[in-house]
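Beneath this line is the structure, given in structure tokens, with notes to follow.
We number each residue from 1, following the sequence as shown. Ligands are counted one by one from 1 in listed order, and the atoms in each one are counted from 1 as well. Every value quoted in this text rests on a predicted model; they were computed, and no experiment measured them.
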Amino acid sequence: MGSMHTGLEEEKNGFERMARYYAERAAGEAGLIVTGGIAPNRAGWVAPFGAKMSTGKEAKKHKVITDAVHAEGGHICMQILHTGRYAYHPFAVAPSKLRSPITPFTPKALSEKGIESTIQDFVNCAAYAIEAGYDGVEIMGSEGYLINQFIAAKTNQRTDHWGGSYENRTRFPLEIIRRTRERIGRGPIIIYRLSMLDLVEEGSTWEEVLQLALAVEKAGASVINTGIGWHEARIPTIATMVPRAEFTWVTKRLMGKVGIPLITTNRINNAATAEKVLADSCADMVSMARPFLADPELVKKSREGKENTVNTCIACNQSCLDHVFDRKVASCLVNPRACFETVYKEEEAKNKKKVAVVGAGPSGLTCAITLAQRGHEVSLYEKHPEIGGQFLYASRIPGKEEFRETLRYYRTMLDQWPITVHLNSEFKMNQAKDFDEVVISTGVRPRIPSIPGMDHENVVDYAQVLEGKVKIGQRVAIIGAGGIGFDMASFLGHPSMDKEEFEAFWGVTRDESVRGGLESHTLEIKNPRVLTMLKRSPGKAGKDLGKTTGWIHRETLRKLGVVQMSSVEYIKIDDKGLYIRHQGEEKCLEVAHIVICAGQESVNELAESLQSMGSKVHLIGGALKAGEIDAARAIREGYELALKL
Ligand code: NAP
Ligand code: SF4
């Protein structure tokens with residue numbers, strides 16, 4: 001299980017919560033767990049008062065974690081992470097006084113004395129970690145953090161013996177490994193996370209990576225883990241549109257070149273993919289981080305041949321990384337219990353009830369399954385022929401195919417638990433009397449703005465398009481520039497990409513001589529349509545998209561040549577197209593279709609009628625609140641309600 005900061009590191013009772021969180025993953029048969037990053041000193045904090053281990057007192061707090069993991073038969077290493085210039089606080093230090101493009105703080109350049117004491121802090125931190133019961137440490141040398149900043153000429157402009165030549169620039173990590181090994185002895189594991197593909201200008205060449213890997217082994221590391229891309233890189237490396245196991249070719253290049261095991265990583269989210277990676281000799285071990293948030297029992301279930309029951313990570317980042325970057329405790333969109341193991345109690349219901357769940361979108365499905373797992377008698381009603389709701393639509397967007405995995409998981413759970421499923425079935429008012437409780441999870445419908453000519457045959461809503469009910473023409477106007485507007489532009493603008501197309505589109509090269517693996521020219525994927533996306537409000541579109549993924553959507557649409565217009569007033573629609581007022585001018589966008597992506601409205605009329613009849617009714621998800629509906633909230637509401645009933 002790969003390292004992932006959860007935010008519990010800084011929470012009240014965080015250590016008890018982490019102990020339970022990691023212990024459940026160990027019980028689920030994760031072979032070796034690596035914790036989220038812990039700073040070796042104050043300058044290395046991720047943010048003010050971030051997790052740090054530089055005293056015995058701080059180390060002691062970790063004992064509860066290592067004991068809990070060992071009690072489950074697991075193994076756990078602690079990651080030592082010094083953020084360098086990525087630190088989100090004024091004490092930031094770096095090899096040179098150069099601010100990163102993703103943080104507001106300019107770091108102080110470390111003096112030679114400062115470098116020596118930082119190395120010592122890494123070594124002390126490792127020794128404390130072993131004292132706290134960890135089986136070893138992972139030294140974070142990738143993703144653009146301090147160690148990486150020493151290695152790259154772009155961020156290390158020193159003229160002393162810590163800068164200049166590659167030998168000098170790599171002295172910092174090598175001294176850390178060498179002195180750590182000397183201090184903690186031969187037994188404990190030292191994993192070194194090596195940036196094998198920087199994906200930034202002036203990054204390392206492959207020859208340099210190989211040279212460093214050999215030196216890392218010699219310095220005393222037991223295992224080398226793969227790092228792909230700095231945080232400031234503008235190439236997606238873990239988001240859902242990255243093809244599965246996209247970057248394992250990078251680790252494969254190092255196979256056979258060093259004598260210690262290699263770990264590969266990034267977008268490996270199920271056992272079958274992991275097995276293939278190993279069978280193809282891409283690595284000796286596979287690391288997954290987010291997939292263990294989605295399902296702590298991923299390995300155990302897969303080993304028992306129950307892969308269909310795995311709740312698969314869809315790489316959305318919505319509740320994990322986006323939370324962490326917002327300084328909130330991480331969780332998982334498809335598994336709200338992740339990191340809240342001590343908060344949510346999944347106990348058998350004392351008072352078993354008959355419950356009707358109306359609407360089989362993510363919220364209703366989660367609710368129905370959790371209710372059944374607690375022993376309630378559940379009937380699920382869905383008016384469409386298929387379950388899935390908004391997830392069905394999302395799964396049709398290029399690059400969002402992973403959403404199908406969640407639908408597969410739900411289908412398996414519906415088969416596994418005693419839930420009576422009624423498809424093509426509208427729940428009738430008079431049926432409510434047969435149930436103790438009724439859950440309304442009827443979701444949302446597209447909001448249809450009132451523009452003259454709205455009933456024209458060329459106007460369609462996003463649901464009709466994604467259901468394949470209309471053949472969309474070559475020139476299209478999209479009304480609305482929220483998440484669905486962006487998805488629609490992607491859907492109409494390009495098909496799904498395979499690995500080769502992905503690399504060409506984003507400018508990743510396998511040419512070993514190219515620094516950072518970054519191609520200077522990217523291949524344009526031809527957009528078959530002329531797309532214009534509009535909104536009434538001023539400002540750039542897409543600023544409310546996910547923190548860690550919004551830039552990818554914005555960049556994708558830019559590359560597809562989608563025209564974006566803000567501060568638009570809609571005037572009317574007729575045979576010719578969409579008439580708008582923009583920058584004081586009236587004009588007609590001559591389009592074959594106008595696709596409405598103007599937000600949603602709750603579908604909850606049934607609830608109001610049932611409530612007036614005195615039924616016990618509960619509203620969740622989009623049916624409760626359509627504004628800013630997101631799947632994470634919908635699923636969490638379904639789960640929380642099911643635990644309460
Ligand atoms: P949204 O984000 O609220 O966007 C609605 C869009 O419609 C806005 O651009 C808005 O712009 C426009 N609009 C609202 N009322 C309108 C009206 N009466 N007439 C014309 N235009 C109107 O909603 P959404 O796009 O449906 O997405 C729903 C939720 O799912 C959001 O929380 C979204 O973040 C999430 N989502 C995210 C992603 C992603 O991250 N890729 C993908 C899909 C969905 P103006 O008011 O300026 O005209
Ligand atoms: Fe995976 Fe999304 Fe869950 Fe994060 S929130 S672990 S990316 S499914």
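The ligand atoms of ligand 1 that sit less than 4.0 angstrom from a heavy atom of H553 are 41 (N). Short contacts between ligand 2 and A315, defined as distances under 4.0 Å to a heavy atom of the residue, involve ligand atoms 1 (Fe), 7 (S). Every atom of ligand 1 is numbered from 1 in the order shown, and the set under 4.0 Å from a heavy atom of D487 is 41 (N), 42 (C), 43 (C). Ligand-side atoms of ligand 1 in range of G480: 6 (C), 7 (O), 9 (O), 12 (C), range being under 4.0 angstrom from any heavy atom. Atoms of ligand 2 found under 4.0 Å from any heavy atom of S319 (numbered from 1 in listed order, with element): 5 (S). Proximity to Q600 (heavy-atom distance under 4.0 Å) selects the following atoms of ligand 1: 26 (O), 28 (C). Set against the non-hydrogen atoms of Y570, the atoms of ligand 1 under 4.0 Å away are 20 (C). Short contacts between ligand 1 and G483, defined as distances under 4.0 Å to a heavy atom of the residue, involve ligand atoms 2 (O), 25 (O), 36 (N), 37 (C), 38 (C), 42 (C), 43 (C), 44 (C). Listed by atom number, the atoms of ligand 1 under 4.0 Å from G599 heavy atoms are 5 (C), 7 (O), 23 (O), 26 (O). Heavy-atom proximity to A481, at under 4.0 Å, picks out these atoms of ligand 1: 6 (C), 8 (C), 9 (O).
Ranking the protein heavy atoms by distance from atom 8 (S) of ligand 2 puts I314 N, 3.4 Å first. For atom 2 (Fe) of ligand 2, the nearest non-hydrogen atom of the protein is C316 SG, 2.4 Å. Closest protein heavy atom to atom 5 (S) of ligand 2: L333 N, 3.2 Å. The protein heavy-atom contact nearest to atom 7 (S) of ligand 2 is N317 N, 3.0 Å.
No side-chain donor-acceptor contact under 3.5 Å links T248 and T264. Remark: the N225 side chain and the E138 side chain contain an N/O donor-acceptor pair separated by less than 3.5 Å. If you check the side chains of R244 and N269, you find a donor sitting under 3.5 Å from an acceptor. Residues H494 and E501 have side chains that never bring a donor and an acceptor to within less than 3.5 angstrom of each other. Using modelled atom types, one finds a donor on one side chain and an acceptor on the other under 3.5 Å when comparing R408 with T312. Side-chain atoms of N317 and T548 form a donor-acceptor pair, as typed in the model, at a separation below 3.5 Å. In the model, E382 has a side-chain atom that pairs as donor or acceptor with a side-chain atom of H384 under 3.5 Å. For D575 and H456, the side-chain atoms include at least one donor-acceptor pair closer than 3.5 Å.
Taking the ring centre of F340 as origin, the terminal cationic atom of R17 falls inside the region bounded by 6.0 Å and 45° from the ring axis.
Of the listed residues (Q390, R633, R536, M533), the one carrying the non-hydrogen atom nearest atom 46 (O) of ligand 1 is R536. Among Q318, E405, R290, the residue whose heavy atom sits closest to atom 6 (S) of ligand 2 is R290.
Residue Y579 is tested with D574, I573, L589 for a side-chain contact (heavy atoms from CB on, under 4.5 Å); the sole match is D574.
No side-chain heavy atom of Y410 sits under 4.5 Å from any side-chain heavy atom of M413. For the pair V508/L197, a side-chain contact is recorded, criterion being any heavy-atom separation below 4.5 Å from C-beta on.
Looking at K535 next to ligand 1, no N or O pair under 3.5 Å apart turns up. Of the polar atoms of R447, at least one N or O is found under 3.5 Å from an N or O of ligand 1, judged by distance alone.
Counting heavy atoms closer than 4.0 Å to ligand 2, residue C313 contributes atoms from both its backbone and its side chain. Contact annotation for C597 and ligand 1: only backbone heavy atoms (N, CA, C, O) come within less than 4.0 Å of the ligand.
Residue contacts with ligand 1: K400 is included, with a non-hydrogen atom under 4.0 Å away. Between D630 and ligand 1 there is no heavy-atom distance shorter than 4.0 Å. Residue contacts with ligand 1: L545 is included, with a non-hydrogen atom under 4.0 Å away.
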Show your reasoning for whether side-chain hydrogen bond (donor to acceptor under 3.5 Å, both in side chains) applies to E232 and Y86.
CA-CA 9 Å; E232 67 201 66; Y86 281 170; 2.6 Å; yes
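Atom 3 (Fe) of ligand 2 has an N, O or S atom of C332 under 2.8 Å away, backbone or side chain. Distance check for C320 against atom 4 (Fe) of ligand 2: an N/O/S atom falls below 2.8 Å.
Using a cutoff of 4.0 Å between basic side-chain nitrogens and carboxylate oxygens, R558 and E555 are scored as salt-bridged. A salt bridge links E569 with R581: the distance from a Lys NZ or Arg NE/NH1/NH2 to an Asp or Glu carboxylate oxygen falls below 4.0 Å.
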